[in-house]
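Worth knowing before you read on, the calculation uses all heavy atoms, side chains too, and leaves out hydrogens, waters and symmetry mates. Just so we're on the same page: letters track the sequence lines, and every chain starts at 1.
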Number of protein chains: 2
Amino acid sequence: MPGKPERADAARNRQAILAAAAALFDRDGAEAVSMSEIATAAGVGKGTLFRRFGDRTALIEAVIEPRVTALRDAVEAGPPPLGPGGPPAAALHAYLDALLDFVWANRTLIRALEHRGPHAYYANAASRFWIDELTRRLTAARPGDDAEYLAHALFTALRADVIDYLVTVREMPPDRIRAGLHGLAAVPPDD
Amino acid sequence: MPGKPERADAARNRQAILAAAAALFDRDGAEAVSMSEIATAAGVGKGTLFRRFGDRTALIEAVIEPRVTALRDAVEAGPPPLGPGGPPAAALHAYLDALLDFVWANRTLIRALEHRGPHAYYANAASRFWIDELTRRLTAARPGDDAEYLAHALFTALRADVIDYLVTVREMPPDRIRAGLHGLAAVPPDD
DNA sequence: TACGATACGGACCGGTGGTCCGGTTGGCAA
DNA sequence: TTGCCAACCGGACCACCGGTCCGTATCGTA
């Protein structure tokens with residue numbers, strides 16, 4: 001797939017940038033860190049940073065990418081109920097739990113992504129996957145419902161800034177949010 | 001309440017700015033309009049703009065304020081089911097409908113507000129009111145449930161950018177979103 | 001008419017994401 | 001080992017942003 005291998009210095013710099021960015025994002029919150037700061041911290045010129053990653057959005061995506069991949073693997077090929085093969089309701093709940101944990105653990109990065117461009121949160125390739133998977137599991141657990149809309153609504157309820165607001169400002173314990181999510185995903189009465 | 005009346009030129013400029021800002025926000029999307037553009041369009045210096053409104057956030061809020069007030073009045077003192085006095089379930093549904101219409105009609109402005117600061121969407125004074133009212137109506141319609149969490153989840157599902165994404169990109173008709181919202185707000189089975 | 005309070009406006013500031021290009025370096029071929 | 005050139009580097013540079021400052025013009029009153 002890679003047309004040409006990367007030169008040694010280029011590869012070294014890519015790693016340095018990724019490491020520096022992850023550290024700074026984690027320490028100060030991704031929105032508070034400028035590209036120049038990252039370049040400096042990585043011991044690299046700003047030009048290098050932008051040549052490697054194109055723009056700020058791409059850098060942030062590159063930093064989360066490995067974590068996304070880990071969860072994605074567990075979802076696509078791990079053991080049930082999170083992995084494929086479990087009973088629909090359990091699969092749905094396990095998936096929601098995993099997403100909530102993921103969002104909470106990576107809230108700074110995700111928040112930074114949410115705030116780029118008009119539909120950044122949903123247009124994102126990773127998000128598309130999460131939503132599609134959520135749609136599948138909802139379809140299986142709740143046949144007859146509007147799974148596509150429901151998936152988007154639930155995914156929206158998992159936005160990093162809401163979660164962060166509820167926990168930080170409203171002082172809701174994460175388990176309460178978890179319970180609320182499960183309630184929203186539960187089968188409603190046929191009215 | 002006003003300590004001193006505003007000078008004539010000041011009042012004229014305030015109106016000019018408000019009008020210019022509303023027009024530009026509506027035409028280009030609020031995030032794409034800079035403060036200087038607004039000042040120029042209003043035929044006013046940038047200093048004047050900032051002295052009147054303090055900062056960008058306050059300007060945007062000032063532009064939506066009259067629309068917020070209109071809906072707020074209907075909710076607090078209008079005829080049922082949107083106004084007070086109707087049966088709980090109808091009150092809840094009418095309220096969700098009104099919020100959805102409001103968000104759709106003012107999506108550009110609201111989007112601009114969503115993207116300011118960490119918890120801008122929720123910390124906002126108007127939002128607090130919407131959420132509190134939603135909490136009340138949920139409590140009335142669904143006693144025993146976690147109305148506070150539910151209110152935040154539903155309100156999040158009403159964020160302008162989600163709605164806009166669903167309608168614009170996913171091509172979901174607004175009525176489908178409406179139906180989905182009602183489904184989420186409906187009483188779930190006691191499991 | 002004269003005068004002080006109020007308001008005006010655009011030059012200015014620090015900082016941002018992103019670009020550009022002269023100089024450097026890695027890695028291959030001879 | 002040497003020589004060569006594509007690949008890569010880095011920081012000066014750019015346009016622009018939100019926001020401030022202050023000398024000047026205007027309003028409204030006495």
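- Residues that satisfy the side chain to side chain donor-acceptor pair (under 3.5 Å) test with A:T139, not counting sequence neighbours, are absent from this structure.
- Relative orientation of the B:Y122 and B:H152 rings is tilted, given thresholds of 30° and 60° on the angle between their planes.
- A:Y121 is linked by a ring pair (Phe, Tyr, Trp, His ring centres under 6.0 Å) to A:F155, counting only residues two or more places apart in sequence or in another chain.
- For the pair B:K46 NZ and D:dT20 P, the computed distance is 11 Å after rounding to whole Å.
- Put simply, CZ on A:R52 and CG on A:L59 are 12.0 Å apart, with the number rounded to the nearest 0.5 Å.
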Pairs: protein N or O with nucleotides 28-30 of chain D N or O, under 3.5 Å:
| unit_1 | atom_1 | unit_2 | atom_2 | d |
| --- | --- | --- | --- | --- |
| D:dG28 | OP1 | B:A8 | N | 3.0 |

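- Near DNA chain D, meaning a heavy atom under 4.0 Å from it, residues 47-55 of chain A has A:G47, A:T48, A:R51, A:R52 in order of number.
- Within the structure, side-chain hydrogen bond (donor to acceptor under 3.5 Å, both in side chains) contacts touching residues 71-88 of chain B (residues at least two apart or in different chains) do not occur.
- For B:D9, the side chain to side chain donor-acceptor pair (under 3.5 Å) test picks out B:R7, with sequence neighbours left out.
- At D:dC9, one or more side-chain N or O atoms of A:N13 fall inside 4.0 Å of OP1 or OP2 (strictly under the cut-off).
- Atom CZ in B:R56 sits about 18 Å away from atom P in C:dT16, given to the nearest Å.
- Rounded to whole angstrom, the span from the CZ atom of B:R12 across to the P atom of D:dT26 amounts to 11 Å.
- We find the CZ-CD distance between B:F25 and B:E37 to be 10.0 Å, quoted to the nearest 0.5 Å.
- A:T40 is linked by a side chain to side chain donor-acceptor pair (under 3.5 Å) to nothing, counting only residues two or more places apart in sequence or in another chain.
- For residues 22-44 of chain A, proximity to DNA chain C is found at A:S34, A:M35, defined as any non-hydrogen atom under 4.0 angstrom from a strand atom.
- Across all non-hydrogen atoms, the minimal contact from A:A112 to A:I60 is CB-CD1, 3.8 Å.
- Counting heavy atoms from C-beta outward, A:H182 and A:D97 have side chains that approach closer than 4.5 Å.
- Every residue two or more places apart in sequence or in another chain that forms a side-chain contact (heavy atoms from CB on, under 4.5 Å) with B:A16 is listed here: B:A42.
- Residue A:L59 contributes atom CG, which lies 13 Å from atom C1' of C:dG18 at whole-angstrom precision.
- Taking the C1' atoms of five terminal pairs at each end of the helix from C:dT1-D:dA30 to C:dA30-D:dT1, the two resulting helix axes are inclined by 10°, rounded to 10°.
- Remark: A:D101 engages A:R178 in a salt bridge (charged side-chain N to carboxylate O under 4.0 Å, His left out) (not counting sequence neighbours).
- With sequence neighbours left out, A:R56 forms a side chain to side chain donor-acceptor pair (under 3.5 Å) with no residue at all.
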